[in-house]
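Worksheet for the structure shown next.
A quick note: this is a predicted structure, and the numbers were derived from the prediction, not measured. Computation of the quantities below employed the complete heavy-atom set of this structure, encompassing side-chain atoms and omitting hydrogens, waters and symmetry-equivalent molecules. We're numbering straight along the sequence, starting at 1.
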Amino acid sequence: VEPTSIDFGARCVGQSEARDAVIRNDGTATVRVTSTGTSGAGFAIASGDVGAGLDLAPTQSRTVTIVGQAASGARTGALTVGTDLATDGTRTVALSIEGLASGVAVMPQAVAFADQAIGMTSLPTSVAVLNCDAAPLDLVGFAITGANASAFAVNGPATTTIAVGADAAWTVTFTPTFAGAHAASLTITTSGAPITVPLAGLGFGTDGDAGLRDLGSGGADAGVETTSYYACACRAPGDAGAVAPLVLGVLLVLRRRRR
């Protein structure tokens, strides 16, 4: 069952959110799903319940949609999937949701990117601001600041108004510029208090690696002359026993710097 946990995030009290879990048979024999159910206040299966049972042939799957409803504070629960497997026949998916009675919430409160090769851009991560106040919230701008601000980029509305019970979202990406830890902050300026989200990521590789990745892409590092060496030891034609002398080749790759 995937995923193994579902965090519905923060929602205004009374709001609900739907998420999917997938039951998939990765084995070589048919598996019978005997039951699906939820535990914990505020969680329920909206669709995909197996009812009296469901047979899944190899590679077949079933999508189960779970709804979480927010009450004041944090709620936890679980989706339980029963099968006829003799070993590990019951699978669970942890569920959680946080209810906000008033105020403004940011989701997530911090962003930590997976380790990324130098010069390569990560998949985007979403950052959302939820307005549970009694009045609309005006957003007047955003900026990335900090020691490694240039390694992070944000895309989203520069100015907007978030209605009561609504949210607005931005996407953030990470492109490391050196090997090691990078840190910065996304600051969103509002008609209320500013919202700050710490950003972190780790770059790996070498600056030379980043330059080679830019080859042919017109990247900022293009224009450096690079020499690569290769060697080949091969058998001479018609002679299964002898090995031809080592051949050393030199490959020169010229790149033009984009102005």
Side-chain angles (χ1 to χ4, degrees), residues 1-116 122-132 162-172 197 200:
V1 181
E2 294 180 339
T4 56
S5 65
I6 296 176
D7 182 4
F8 292 85
R11 306 307 305 173
C12 300
V13 169
Q15 289 185 332
S16 59
E17 183 84 3
R19 299 288 177 86
D20 289 339
V22 177
I23 306 168
R24 186 177 60 251
N25 181 4
D26 291 331
T28 58
T30 296
V31 173
R32 183 164 183 80
V33 181
T34 56
S35 63
T36 51
T38 57
S39 60
F43 300 103
I45 294 176
S47 65
D49 191 351
V50 301
L54 174 71
D55 290 328
L56 290 180
T59 73
Q60 282 189 329
S61 63
R62 174 71 165 234
T63 298
V64 179
T65 300
I66 306 105
V67 171
Q69 186 170 36
S72 183
R75 280 180 166 180
T76 59
L79 167 70
T80 302
V81 179
T83 72
D84 65 353
L85 293 173
T87 303
D88 199 18
T90 300
R91 308 295 174 91
T92 59
V93 177
L95 307 174
S96 60
I97 190 170
E98 183 174 358
L100 197 65
S102 62
V104 175
V106 61
M107 305 171 288
Q109 296 181 345
V111 176
F113 289 91
D115 295 358
Q116 195 71 24
S122 69
L123 292 174
T125 294
S126 179
V127 174
V129 173
L130 173 66
N131 180 23
C132 296
I162 305 178
V164 176
D167 57 39
W170 294 260
T171 57
V172 184
V197 180

Kindly write out the residues that satisfy salt bridge (charged side-chain N to carboxylate O under 4.0 Å, His left out) with R62, not counting sequence neighbours, or none if the list is empty.
-> none
If a pair satisfies ring pair (Phe, Tyr, Trp, His ring centres under 6.0 Å) and one of its residues is in residues 61-98, list it, with sequence neighbours excluded.
-> none
With sequence neighbours left out, what residues match D115 under salt bridge (charged side-chain N to carboxylate O under 4.0 Å, His left out)?
-> none
Can you list every disulfide (SG to SG under 2.5 Å) pair that touches residues 4-101, not counting sequence neighbours?
-> C12-C132
Do L79 and I45 touch side chain to side chain, with heavy atoms closer than 4.5 Å?
-> yes
What pairs of residues pass the disulfide (SG to SG under 2.5 Å) test when at least one of them lies in residues 17-112, not counting sequence neighbours?
-> none
Which atom of P124 lies closest to which atom of T171, heavy atoms considered = CB-CB, 4.0 Å
Name all residues meeting the side chain to side chain contact (heavy atoms under 4.5 Å, CB included) criterion together with A71; count only those two or more places apart in sequence or in a different chain, and write none if there are none.
-> R75
For T83 and G89, which heavy atoms make the closest approach, and how far apart are they?
-> OG1-O, 2.7 Å
Taking only residues two or more places apart in sequence or in another chain, which ones pass side chain to side chain contact (heavy atoms under 4.5 Å, CB included) with A163?
-> A166
Listed by chain and number, what are the side chain to side chain contact (heavy atoms under 4.5 Å, CB included) partners of R19, not counting sequence neighbours?
-> I6, F8, E17
For residues 77-99, which residue pairs qualify under salt bridge (Lys or Arg N to Asp or Glu O under 4.0 Å), counting only residues two or more places apart or in two chains?
-> D88-R91
Does T34 use its side chain to pair, donor to acceptor, with the backbone of G82 at less than 3.5 Å?
-> yes
Where do S61 and V22 come nearest, in terms of heavy atoms and distance?
-> CB-CG1, 3.9 Å
In chain order, what residues pass the side chain to side chain contact (heavy atoms under 4.5 Å, CB included) check against V104, with sequence neighbours excluded?
-> V129, N131, D133, L137, I195
Go through the steps to decide whether V197 and V106 satisfy the test side-chain contact (heavy atoms from CB on, under 4.5 Å), and finish with yes or no.
-> CA-CA 8 Å; V197 180; V106 61; 3.6 Å; yes
Just jot down the salt bridge (charged side-chain N to carboxylate O under 4.0 Å, His left out) partners of R24, sequence neighbours excluded, or say none.
-> E2, D26
Which pairs with one or both residues in residues 27-38 pass salt bridge (Lys or Arg N to Asp or Glu O under 4.0 Å), sequence neighbours excluded?
-> R32-D55
Drop me the distance from I66's CD1 to F43's CZ, to the nearest 0.5 angstrom.
-> 10.0 Å
